[in-house]
Amino acid sequence: MHTGIESPQGFWWKPAHRTERLWVIIAFAWCMVLFAMMPFWHLRGGQNPSGIRSKVEPQAFMARTQEFIDAYRVGEDSGIPVVEPPPGSDIYLMGSMWQWRPVLRLQAGVEYTLHISSLDVNHGFSLYPINVNFQIVPGYDYGLRVTPTEAGDFRIICNEFCGIGHHSMTGRIIVED
Ligand SMILES: [Cu+2]
């Protein structure tokens with residue numbers, strides 16, 4: 001007679017085979033490596049933005065960007081102002097449903113402070129064809145220090161789903177030598 005309260009006698013289960021135990025040890029060790037990589041990559045990965053982040057009201061950011069556009073406007077591209085700021089200055093880019101404003105014309109090899117923010121919802125700034133990705137959250141001004149390294153005509157694609165017009169949310173950055 002036997003109840004569920006007492007353990008049955010002897011080995012009612014088979015002890016793990018040697019290879020199974022080895023597998024568990026390897027898997028656990030690998031988990032620990034990946035676990036350690038999280039803080040390590042955070043500190044040493046080089047993917048953290050080197051910027052001066054601050055809070056900003058969307059309306060204030062929009063006003064500041066408009067001031068920037070009015071000061072350095074040189075043309076227009078499909079209804080979006082094209083802006084050529086002085087080398088090394090603070091430059092502004094705003095994302096909103098569903099456009100990036102303005103088109104920036106920059107010089108290669110010069111460091112700019114790129115202030116970027118959203119006026120409404122989360123957007124994703126990704127620069128094609130090079131691999132740059134940045135999350136744009138409303139209420140924050142990300143002052144990213146950027147130095148364009150090569151000349152070209154780059155496209156900004158929104159890579160954070162932001163509504164019905166998300167697929168048409170493209171922008172442009174022109175870099176000249
Ligand atoms: Cu978007």
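Every number for a ligand or one of its atoms is a count from 1 in the order of the listing.
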**Complete:** Ile52 meets the side-chain contact (heavy atoms from CB on, under 4.5 Å) criterion, sequence neighbours left out, with Thr113, Arg145
**Prompt:** If you leave out waters, which protein N, O or S atoms are less than 2.8 Å from the Cu ion (ligand 1)?
**Reply:** His123 ND1, Cys158 SG, Cys162 SG, Met169 SD
**Message:** Are Phe134 and Leu119 linked, directly or through intermediate hydrophobic residues, by side-chain heavy-atom contacts shorter than 4.5 Å (ILVMFWY only)?
**Reply:** yes
**Request:** Tell me, please, which residues at least two apart from Glu150 pass side-chain contact (heavy atoms from CB on, under 4.5 Å).
**Result:** Ile130, Phe154
**Message:** Would a single hydrophobic cluster contain both Ile174 and Ile116, if residues Ile, Leu, Val, Met, Phe, Trp and Tyr are joined by side-chain heavy-atom contacts under 4.5 Å?
**Reply:** no
**Item:** Pairing residues for Arg64 by the side-chain contact (heavy atoms from CB on, under 4.5 Å) criterion, not counting sequence neighbours
**Value:** Glu67, Phe68, Tyr92
**Request:** Provide the closest heavy-atom pair for Met169 versus Gly95 in the form atom of the first, atom of the second, distance.
**Result:** CE-CA, 4.1 Å
